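A quick note: this is a predicted structure, and the numbers were derived from the prediction, not measured.
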Amino acid sequence: MEKFASFNWKFVKKNWQFATSGTGVCINFMIIMSLNVVEHPRTESEWENSFALKMFLFQFVNLNSSTFYIAFFLGRFAGRPGKYNKLFNRWRLEECHPSGCLIDLCLQMGVIMFFKQIWNNFMELGYPLLQNWWSRRKIKIGGGGGQNIENKDQLPQWDKDWNLQPMNAHGLVDEYLEMVLQFGFTTIFVAAFPLAPLLALLNNIIEIRLDAYKFVTQWRRPMPARATDIGIWHGILEGIGVLAVITNAFVIAITSDYIPRFVYAFKYGPCMDKGRHHDDECLQGYMNSSLSVFDMGELKNSSQPRYCRYRDYRAPPWSSVPYEFTLQFWHVLAARLAFIIVFEHLVFGIKSFIAYLIPDMPKDLCDRMRREKYLMQEMMYEAELEHLQKERKKNGRRYHHEWP
């Protein structure tokens, strides 16, 4: 902006804002085109892996942005009474219910997961049904090479199969994408919505039969293709597993009230010196401890104080440092960070231990592969030995039965 504002050309100097924006747009365009030029997959599998990764990232962000917002951002930056943070100095930021954001997160996940599964099943089965019905209707009216066919049974079987819906070129990618997104949705916020695995199980039981019906009656027979593994989906599943551990740790520590209750029972509750911290008596006074005091007279410039309570850990207005964070706030924050670190390391340690106990390839399969490799080497040895013996006989040399 400084360069364009002091430019020698009067037209550019006068329109320096447009020149700056236009230059930025041109730079973005060059970067976009260079990235498109750089990405040249060598094989079809590399192209499919790149396509699957981009589709997953787009769908994942589109599906989980609202849940991440509710879990980690909603109400975190709203401010306090008398000093609320406002967007464009006009609108107050959204806040959670005084009981917390966990209920909102649970409802959001339940609604999205339930209706998304219904929509996916309709698009996979209902849409091909409607298309096939429309194709049969057109054939009855005027199809079949100009001949009116009143009964679809008159068509040969290959014509019936040809009139079915072709499988999408990326149909298998769509199936993988649906399952991977469902896996992420059931694991990333399972601490907030424990019913998600049950809904996923019921949906998969139904979808198995719907997919079987769709492949047999609504789609043309797809062309088979050989694949060595599931490709990039294995790495995506591993990444979702890591993200699920981290996200659930943050949900338990930040979104829920588990850590504040735990800190209150051990440090501030009536049982802090009694050695027991799991009774309901140890949480007496927790609600009063989690609420701060605000003087309503500060808003109306009144000399008569009127106090209200809000959920936070701040000093009261009569304190020497009013509305500053109290020591309990820092204790809760330290406990949350410590819980996140311990939880992540514990779960990852258990995961690594189970992965070590359960090998990727069974022992009997490894032994069979080693035996096949040995037999292959033996056959190559015998073939080479036979070839060498024939060469020696042809040349009239002395024949020996040992390896030359």
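In this structure, Arg309 and Leu291 approach most closely via the heavy-atom pair NH2-O, 3.0 Å. The minimum heavy-atom distance between Val321 and Ala315, with the atom names listed, is O-CB, 3.4 Å.
In this structure, the side chains of Val332 and Phe325 stay at 4.5 Å or more apart for every pair of heavy atoms. Proximity of Glu382 to Glu378: side-chain heavy atoms (C-beta onward) are separated by under 4.5 Å at one or more points. Inter-residue side-chain proximity for Met109 and Leu195 is flagged as unmet; no heavy-atom pair is nearer than 4.5 Å.
Ring planes of Phe68 and Phe72: tilted class, angle from 30 to 60°. Note: Tyr307 and Trp318 have perpendicular aromatic rings, judged against thresholds of 30 and 60 degrees for the angle between ring planes.
Looking at Thr186, its side chain does come within 3.5 Å of a backbone N or O of Gln182 through a donor-acceptor pair.
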Check your understanding: So Met369 and Met361, side chain to side chain contact (heavy atoms under 4.5 Å, CB included) or not? Walk me through it.
Key -> CA-CA 11 Å; Met369 292 177 64; Met361 191 176 299; 3.4 Å; yes
Exercise for the section: Step by step, work out the ring-ring contact (aromatic ring centres under 6.0 Å, His included) result for Phe185 and Phe193. Expected result: CA-CA 10 Å; Phe185 213 71; Phe193 188 55; 8.1 Å; no
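Remark: Phe56 CZ to Trp233 CH2 distance equals 7.5 Å, nearest 0.5 Å. Taking CD1 from Ile188 and CD1 from Ile246, the interatomic distance works out to 10.5 Å, rounded to the nearest 0.5 Å. Atom OG of Ser352 and atom CG of Leu357 lie 11.0 Å apart (nearest 0.5 Å). Atom CG of residue Asn248 and atom CD of residue Glu344 lie 10.5 Å apart, to the nearest 0.5 angstrom. Distance check: Asn49 CG to Lys54 NZ gives 11.5 Å after rounding to the nearest 0.5 Å. One finds the CD atom of Gln59 at 10.5 Å from the CG atom of Asn64 (value rounded to the nearest 0.5 Å).
The residues Glu372 and Arg368 are annotated as not salt-bridged, no charged nitrogen and carboxylate oxygen being separated by less than 4.0 angstrom. Residues Arg371 and Asp364 are not paired through a salt bridge, judged by the lack of any N-O separation under 4.0 Å between the basic side chain and the carboxylate.
Annotation for Phe51: atom CZ counts as buried by contact number, over 12 foreign heavy atoms lying within 6.0 Å.
Not less than 6.0 angstrom separates the ring centroid of Trp119 from the ring centroid of Phe115.
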